[in-house]
Amino acid sequence: MTDAIATIETKAGGSFARDLWNQFRAHPGGVAGLIVFVFIVAAVFLGPLIHTIDPNKIDIRAKNQGPSLAHPFGTDNLGHDMLAQVMAGGQISLAVGMTAMLLALILGTFVGVLSGYFKRIDGLLMRITDLFLALPLLPLLLVIIMLFRDTLRAAFGPETGIFILIVFVIGVTSWMHTARIVRGDVLAVKSQEFVLAAKASGMWEYRVILKHILPNVMSSIMVSATLGIASAIITESALSFLGLGFPSDFPTWGRLLYDGANFLQINPSRVLWPGLAISLTVLSVNYIGDAIRDALDPRMLKR
Amino acid sequence: MFTFTLRRLLFAVPTLLVISFIIFALLDLAPSDPLSDLPLTIPPEVRAQIREAMGLDQPFFVRYLRWLQQFFVNEPLNIFEQITGITVGTGERMRVLSWATRSPVVDLIVQRLPQTLWVVGLSYLFGVLLAIPIGVVSAYRQYSVFDQIGTFVSMVGYSVPTFFTGVLLIVIFSSWLQWFPSIYDTNLVVNDWGSFILQVKQMFLPVMVLTLYNTSQISRFVRASMLDNLHQDYVRTARAKGVKEKVVLLVHVLRNSLIPVVTVIALGVPTIFSGAIITEQIFRVNGLGQLLITAIQGADIPLVQTLTFIFAVLIVLFNLIADVLYGILDPRIRYD
Amino acid sequence: ERGSDGELKILFWQAVSTMNPYLSGGTKEVYSASMVLEPLARYDETGTLVPMLAAEIPTVENGGVAADLKSITWKLKPDLKWSDGSPVTADDAIFTWKYCTAPDGGCAQSAYYEGVTNVEAVDPSTIKVSFAEAKPYPYSAFVGAQSPIIQAAQFKDCLGPKAPECTAANFGPIGTGPFVVKEFKANDVITFEANKNYRDPAKPAFATATLKGGGDAASAARAVLETGEFDYAWNMQVEPEILATMVAAGKGKLVTAFGTQVERIDVNAFAVDPSLGDKRSTKEAGPHPALKDIAVRKALSLAIDRDIIDETGYGEAGQPTCNILPAPDIYKSTDVDWCLKQDLDAANKLLDDAGWAKGSDGIRAKDGVRLSFLYQSSTNSVRQATQALVKDMWSQIGVEVELRNIAASVFFGGDPASPDTFQKFYADVQMYTNNFDGTDPEKYMAGWMCDKIPSPANGWQGENIVRYCNEDYDKLVVELGKTSKLEERAVIAKKLNDMLTNDVAQIPLIHRGSVSSHSVTLEGVKMNAWDSELWNVADWSRKK
Amino acid sequence: MVEVSVNGNAASGNGPVLSVRDLTTSFRVGGEWRSVVKDVSFDIAPKETVAIVGESGSGKSVTSLSIMRLLPANASRIEGSVKLNGRELLTLGQEDMRKVRGNDIAMIFQEPMTSLNPIFPIGKQIAEAITCHRDVSTAEANAEVLRLLDKVRIPNAKGRFGDYPHQFSGGMRQRVMIAMALASRPKLLIADEPTTALDVTIQGQILDLIKVLQEEEGMAVLFITHDMGVVAEVSDRTIVMFRGEAVETGTTDDIFNRGKHPYTRALLSAVPRLGSMGGRERPMRFPVIDIATGETKVPETEAGGVDRTKRPVLEVKNLTTRFDIHSGLFGRKSGAVHAVENVSFDLREGETLSLVGESGCGKSTTGRSITRLVEPTAGAIALDGYDVVRLDRRSLRNMRRSIQMVFQDPFASLDPRMSVGSAVMEPFVEHGLGSKAEARDKAADLLERVGLKADMMRRYPHEFSGGQRQRIAIARSLMLDPKVIVADEAVSALDVSIKAQVCNLLLDLQQSFNLAYLFISHDMAVVERVSHRVAVMYLGEIVEIGPRQAVFDNPQHPYTKKLMAAVPVPDPARRSIRRNISTDEIKSPVRPVGYQPPQRQYREVSAGHLVQV
Ligand SMILES: Nc1ncnc2c1ncn2[C@@H]1O[C@H](COP(=O)(O)OP(=O)(O)OP(=O)(O)O)[C@@H](O)[C@H]1O
Ligand SMILES: Nc1ncnc2c1ncn2[C@@H]1O[C@H](COP(=O)(O)OP(=O)(O)OP(=O)(O)O)[C@@H](O)[C@H]1O
Ligand SMILES: [Mg+2]
Ligand SMILES: [Mg+2]
């Protein structure tokens with residue numbers, strides 16, 4: 001009888017993903033963020049099909065121009081078309097953001113889950129986390145470039161090689177927060193009875209982790225993911241800002257911003273567009289993260 | 001609690017040793033060279049002599065052990081002597097010397113600390129002080145206009161990189177309006193009203209940029225934590241007792257909400273000491289961040305090693321402090 | 001009148017790390033020390049030697065230099081005083097020599113004392129410097145900002161390995177110059193005050209001076225040219241159009257001086273294919289498959305439009321050049337100018353004639369060797385702009401380029417383990433600036449001799465980065481070493497320069513000047529490329 | 001007690017303390033207003049105890065919170081009228097309402113664990129209730145707090161003044177809550193399920209305490225519960241709520257003996273009554289009554305017996321499980337929790353052995369030791385041919401096919417992010433017992449067996465009620481065809497009627513699959529109903545074990561007797577009987593290093609009925 005009551009109250013059917021999407025849609029900031037983000041991604045990847053100027057084409061006669069029909073974002077001091085550069089830079093920045101985030105996420109989740117789940121190695125892993133927090137990024141980057149650049153260049157070509165390096169360095173130095181958060185969540189999830197039930201049914205531990213622990217810490221992981229994209233884009237920008245990072249004919253938003261900073265007064269659009277692109281991307285991604293967190297909030301799932 | 005702290009402290013020693021070794025090895029491996037900014041006109045033989053004088057020709061382990069001795073024995077003894085005036089032993093011992101300046105690293109750090117504390121520390125403090133009320137009101141009036149705006153501003157605050165806002169602010173306020181200096185004067189001594197105003201002026205822009213960032217981040221934490229607690233049963237109990245709403249909010253909810261926030265704040269303190277590299281660079285505040293970045297660029301290994309190691313110590317220490325604070329603030333947590 | 005003009009504010013965007021030029025050879029350290037420490041003689045803005053502590057410049061004619069060129073004798077000005085009031089004597093000079101040559105001292109300027117066998121006091125104010133061999137150009141020890149006299153009394157306990165421990169002395173050396181260090185904050189700011197015992201009672205005009213460090217070139221320029229917060233800023237490596245807008249603000253102006261700096265592209269004589277591993281860029285690797293062809297090298301040089309590079313990256317601070325030895329005037333060759341004007345047609349023709357035919361991808365190749373080069377340089381916005389321009393120009397003659405920029409601390413560092421140093425040159429072409437100190441090019445030109453090629457055998461320590469090897473060239477260098485007459489030396493030096501350019505041992509791009517900016521209210525600045533920029537800071541004053 | 005008619009205006013001399021008229025409370029859910037309490041009216045006279053009883057979700061708490069106006073202001077709407085001594089509360093200003101709360105009406109909540117602020121000492125929290133309504137000095141307030149703590153029978157009140165909530169057991173915390181509620185001598189005390197989260201023995205203590213205090217203070221009590229036994233014990237009048245409506249109101253006696261509404265009868269029938277099994281040997285199903293018609297849907301029937309000739313499927317010999325406590329600088333062992341000490345029993349096919357005992361006595365640990373979810377310290381366990389204590393990882397996994405667990409919390413024991421279909425199929429798939437399709441067929445079959453529909457497999461746990469979830473958990477445990485099921489408080493968290501259903505289900509399944517149950521519970525009434533044999537645990541040891549009939553009819557050990565006495569009796573006639581239960585907290589099983597547990601002797605009272613001496 002009470003079963004009947006409960007059944008009345010449940011929404012008929014509806015898969016998990018659809019629920020999630022419905023929750024997500026209820027978050028105006030998240031929806032706005034998603035629209036902006038999709039727009040940026042589309043602009044960056046599809047834009048070059050419309051605006052076909054080669055980003056590395058030099059037209060020295062047309063340098064330092066303001067916005068015009070031919071160059072909607074103006075040109076830089078070598079006569080590169082800024083719109084083409086911003087789009088090309090966006091492709092790299094977004095790709096770096098995504099992949100570095102993924103790497104950081106995988107590492108962070110791995111460490112977080114292990115140290116949350118296995119009490120014995122918790123202390124050790126957390127101290128390793130401390131170590132990585134203390135590691136200076138720049139010397140690490142230099143060392144890694146020295147050790148692996150040529151091998152990677154030989155294997156993947158110069159561009160992909162340096163891409164892998166940068167992504168690796170950013171990923172390897174930014175997983176710690178994810179690890180800490182995931183660890184905390186795992187500690188909470190681990191003590192729930194369904195984990196015990198799974199263990200009691202004779203599942204291998206690793207299967208328990210994969211099928212029960214991980215999905216339940218997903219919400220923090222997703223939030224870390226969105227924050228991770230943002231911080232990876234900013235870190236890459238900061239690396240470019242400090243003069244490391246990609247080769248100079250490889251525009252990224254950070255490098256465009258850095259190179260443009262001095263030209264702010266002559267040609268404000270050089271700073272404005274990449275700066276805006278970085279800020280908007282990070283902002284939209286953060287809003288998406290917020291919405292995902294709200295949507296995945298167990299309080300929302302459990303009535 | 002005491003034994004917990006003690007045990008963690010004891011455990012910290014080997015941890016830190018390992019960290020120091022790894023950092024040292026990393027720096028040693030790094031291909032940058034302390035002599036790289038010397039003019040190319042200085043011939044190779046002279047360079048070799050300079051290297052030798054720096055001790056660079058010694059094997060890796062010798063250098064590491066020497067650094068350990070200098071850092072863990074000589075420097076503390078030196079500080080001890082300076083404080084007490086008692087001379088221990090001959091009083092002559094090798095201190096950790098920077099390669100670039102040939103002066104004791106610790107002195108450099110002590111010299112840089114004030115600027116960093118003023119600018120980065122103050123903005124952290126402001127950040128915390130602003131974030132708490134903002135977070136509280138945002139959570140209490142969830143989805144209100146204040147909350148929406150606050151959320152947006154704080155999102156912007158930590159989405160827009162400081163190297164963008166910083167450059168923008170300098171051009172607007174230093175170049176066009178000329179309200180604030182674009183260069184931080186570390187020699188300024190605050191001894192009267194006028195110099196105080198100057199100090200405030202030169203700190204304004206960097207502190208503002210960093211405060212915005214810190215406030216944004218911490219207020220998010222406060223808000224989330226407040227929201228968690230606002231719906232707890234004990235809040236209902238307090239209301240059912242007839243406690244005033246203000247007291248419910250500020251005593252019951254806030255106190256509980258601050259527990260996780262305090263640990264987040266504690267974990268953030270080490271970043272004050274690492275300085276805000278980019279912000280310091282942009283506003284030319286010659287603090288610890290700037291010291292570190294010049295040291296890294298100049299491959300000044302003793303300086304980088306010491307700075308990063310001190311940073312590591314702070315991280316480990318504040319991790320511990322965060323845990324201990326948690327235990328103190330939350331009576332339910334009892335380590336041991 | 002001394003001290004009447006208040007405070008002088010100088011900005012060095014690379015901060016000064018020590019005031020002892022013997023412990024750090026960095027330009028910024030040498031310049032800042034020159035406000036305090038003085039040599040016996042130094043170069044003026046034209047590159048002429050002028051006496052400082054010395055009463056006059058010794059020459060063979062006035063008997064100061066021995067006829068056999070094996071010794072030089074300096075006389076001090078009368079009544080010279082250190083800033084602490086004690087007299088300057090020949091012993092201080094002797095001590096300075098001992099200080100810099102003491103074993104394990106790591107003296108950065110010991111090259112200035114190379115070949116010096118003895119420094120002795122003839123009398124308290126007369127110093128005799130003896131050389132092991134005849135020195136056609138004996139003005140090295142105690143000459144120029146790099147080799148000033150330090151006070152024996154202050155540094156007497158700082159010899160050899162103890163040198164770095166004398167922090168107080170290194171940060172606040174007692175000198176004879178117009179200023180005295182009041183406070184030194186390493187890598188940050190130095191505060192000076194006027195030297196009460198300076199030999200000219202009317203100077204310096206400023207009572208105090210601060211030398212602030214940190215930031216970047218553009219913001220330093222802004223602080224002088226736009227906001228007027230500082231009086232003088234050094235090394236304005238900023239894109240010309242930015243400087244132009246800043247100058248338009250009317251608060252300051254730019255000053256330029258041309259020394260011997262040449263921005264050049266090195267072309268590697270040896271093969272550098274990564275598959276060669278450790279043999280890369282050494283004789284064992286064999287000649288570079290493409291760059292061994294002079295037609296290719298010449299075409300590369302011809303294809304470059306140096307005017308555009310100058311205009312985008314250097315402006316007033318640079319001039320297109322084909323010379324690797326661009327100054328002083330008597331050494332400057334005027335014979336080679338074939339590369340000054342870009343000539344794409346000629347370059348293409350050269351390559352066509354040499355059999356480098358364009359492939360389907362537009363890249364030239366011959367016998368399976370593609371004209372595809374790795375082009376490395378240090379990280380620096382002007383260099384990266386130049387790289388981009390050159391890449392574009394070379395693409396127009398069917399040459400493909402991969403750019404790489406390496407952190408300066410690595411590129412110019414000598415870490416033998418690093419593959420990225422400019423000495424190792426694991427690239428087809430690379431770009432940087434080099435020059436020589438003072439005005440005499442002998443040592444500089446000797447840097448292209450066969451035995452100066454860096455290799456694992458000499459720990460990659462050799463000046464012949466381009467791995468040029470030409471017997472005729474070596475012979476000429478030896479001859480230069482034996483010639484003491486200035487005019488004859490000049491003829492030989494020019495010949496050497498022309499050989500290098502015509503053989504395209506490297507591609508000179510820009511004769512670079514040093515640019516600094518100073519406030520319009522600052523008077524007396526005489527930009528000097530041969531010595532410290534602050535060489536005449538005693539004469540600076542505030543415009544009334 | 002004064003008889004007050006339902007529509008209280010016929011009240012004698014003094015009117016009702018609280019008068020609720022047509023109370024309707026709605027919540028805004030997704031933009032729509034949904035009423036969860038509809039037209040509820042009742043009065044409470046001074047010194048009277050009125051109980052509201054009903055299933056979970058029937059609107060009991062919302063009713064009480066509406067009276068207190070503690071619902072979230074922007075998402076709820078309260079209509080009707082609530083008068084306190086004639087004063088309308090619903091239109092009162094915020095500040096005036098605040099003065100009513102805690103002062104005129106006080107409230108105790110269900111969850112003593114979370115209802116106290118964890119970071120303030122309890123003394124301070126009680127004092128706050130005083131100081132926010134009266135202008136008294138701190139010293140006076142503190143003196144008053146001590147008096148209150150004494151009053152709610154907290155031993156050593158002075159010493160515990162500065163303690164924090166987590167340092168108290170659940171029962172003690174509930175006493176603190178009561179002390180807090182009494183602080184301003186309210187006219188009305190609302191107790192919202194004050195004992196639901198507590199142990200039987202503690203529940204008895206708290207009920208007694210409330211009764212005593214009510215008499216002493218002379219206040220009216222609105223008592224909210226879903227437990228008819230509790231209702232019978234405490235209330236003068238009873239309101240039965242069903243889906244937001246008050247379906248029946250009357251004196252408790254009337255409700256119990258002459259309840260008319262089918263729902264009331266359904267509620268009553270589902271209440272396990274201690275002693276109702278007198279004379280029966282085998283477990284018996286609960287009757288289930290249809291709410292709509294009032295007819296008995298499932299009649300009471302006796303369950304199957306046990307074949308005593310076969311070998312037991314589970315034999316436990318001298319099982320001991322201890323948890324080491326480490327402390328000090330180097331984390332040396334400083335003691336141990338003796339959670340399970342020297343426990344022996346056996347279990348046959350088709351048999352239910354119940355483990356009973358108060359919270360923390362080691363019931364769960366025993367269950368987990370048997371499945372090796374915790375490592376036993378000593379002892380031998382033989383399960384279906386496996387030597388459990390000495391298994392390697394692989395055979396342990398196989399062993400677990402023979403023994404499955406069902407846990408207490410139906411909300412926590414299913415992964416919220418896994419569809420129930422996958423959840424049920426999972427063990428089968430993980431053990432590679434067959435294809436996905438086979439797993440699906442089997443899961444569908446089992447879901448139907450436990451009374452759910454196979455097409456629910458695609459739904460997620462949050463779309464099910466607690467009872468349904470527990471069925472799913474049971475279906476999952478059956479997926480591997482186990483011989484033994486450890487049901488760890490499997491029905492404790494469920495509503496009465498659902499509890500009955502799930503118990504019936506368990507009995508059915510036992511018969512069909514010949515399952516052996518290790519039934520862990522602290523609910524004596526349920527245990528009496530479902531088990532063949534009973535073991536009573538106290539501080540990690542079995543103090544009494546034997547056939548159910550023998551233990552219940554003839555309890556020997558003092559602790560067993562105490563447990564029996566604590567069970568509320570769903571008979572209003574026996575209301576005035578007081579138990580005189582001590583106010584002690586539960587004893588701690590923590591022992592220092594080197595502690596030697598005493599050798600225990602057992603006395604056989606009758607066949608198979610052993611008692612510790
Ligand atoms: N804040 C709220 N917003 C929306 N719906 C609510 C809210 N609080 C309660 N409800 C709904 O009101 C109904 C009645 O809830 P209530 O808490 O009164 O039940 P109850 O009888 O006290 O049950 P239990 O025995 O489980 O405590 C439930 O369906 C619940 O989901
Ligand atoms: N993993 C563990 N580590 C330390 N002590 C434990 C652990 N698990 C249980 N205990 C302790 O062992 C004792 C017995 O616990 P157990 O959970 O078996 O009790 P229980 O009878 O099931 O109680 P409840 O009715 O509250 O579930 C308790 O004192 C408990 O605190
Ligand atoms: Mg309720
Ligand atoms: Mg239990």
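Throughout, a chain's letter reflects where its sequence line sits, starting with A, and its residues are numbered from 1.
Neither the backbone nor the side chain of C:Y113 comes within contact range of chain B; no heavy atom of the residue lies under 4.5 Å from a heavy atom of that chain. Within the 4.5 angstrom heavy-atom criterion, only backbone atoms of B:A30 (N, CA, C, O) approach chain C. Heavy atoms closer than 4.5 Å to chain B are found nowhere in C:I406, neither backbone nor side chain. Looking at C:F230, only its side chain comes within 4.5 Å of chain B, counting heavy atoms on both sides. Looking at C:T210, only its side chain comes within 4.5 Å of chain B, counting heavy atoms on both sides. Neither the backbone nor the side chain of C:K9 comes within contact range of chain B; no heavy atoms are under 4.5 Å apart. In this structure, no portion of C:C166 lies under 4.5 Å from any heavy atom of chain B. For C:F171, the part lying under 4.5 angstrom from a heavy atom of chain B is the side chain only. Heavy atoms closer than 4.5 Å to chain B are found nowhere in C:Y112, neither backbone nor side chain. Contacts of C:Q146 with chain B are absent, with no heavy-atom separation under 4.5 Å from either backbone or side chain. In this structure, no portion of C:E29 lies under 4.5 Å from any heavy atom of chain B. Within the 4.5 angstrom heavy-atom criterion, atoms from both the backbone and the side chain of C:A111 approach chain B.
The OG atom of B:S103 sits 12.5 Å away from the CG atom of C:N20 when rounded to the nearest 0.5 Å. To the nearest 0.5 Å, the span separating CG on B:N286 from CG on C:N187 amounts to 8.0 Å. Atom CG of B:L40 sits about 7.0 Å away from atom OH of C:Y432, to the nearest 0.5 Å. Atoms OG and CG, on C:S17 and B:D300 in that order, are 8.5 Å from each other to the nearest 0.5 Å. To the nearest 0.5 angstrom, C:S219 atom OG is 7.0 Å from B:I170 atom CD1.
In this structure, a donor-acceptor pair under 3.5 Å is absent between the side chains of B:Q178 and C:T227.
For the pair C:G26 and B:P39, the tightest heavy-atom approach, listed with the atom from each and the gap, is CA-CD, 4.1 Å. Across B:V46 and C:A108, no two heavy atoms sit closer than the pair CG1-O, 3.3 Å. Nearest heavy atoms, C:K185 versus B:Q111: CA-OE1, 3.4 Å. Taking each heavy atom of B:L108 and C:A186 in turn, the nearest pair found is CD2-CB, 3.2 Å. Closest approach of B:Q49 to C:S110, counting heavy atoms only: OE1-OG, 3.2 Å.
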Kindly determine whether C:Q14 and B:T294 satisfy side-chain contact (heavy atoms from CB on, under 4.5 Å), including the steps that lead there.
CA-CA 9 Å; C:Q14 287 178 341; B:T294 25; over 6 Å; no

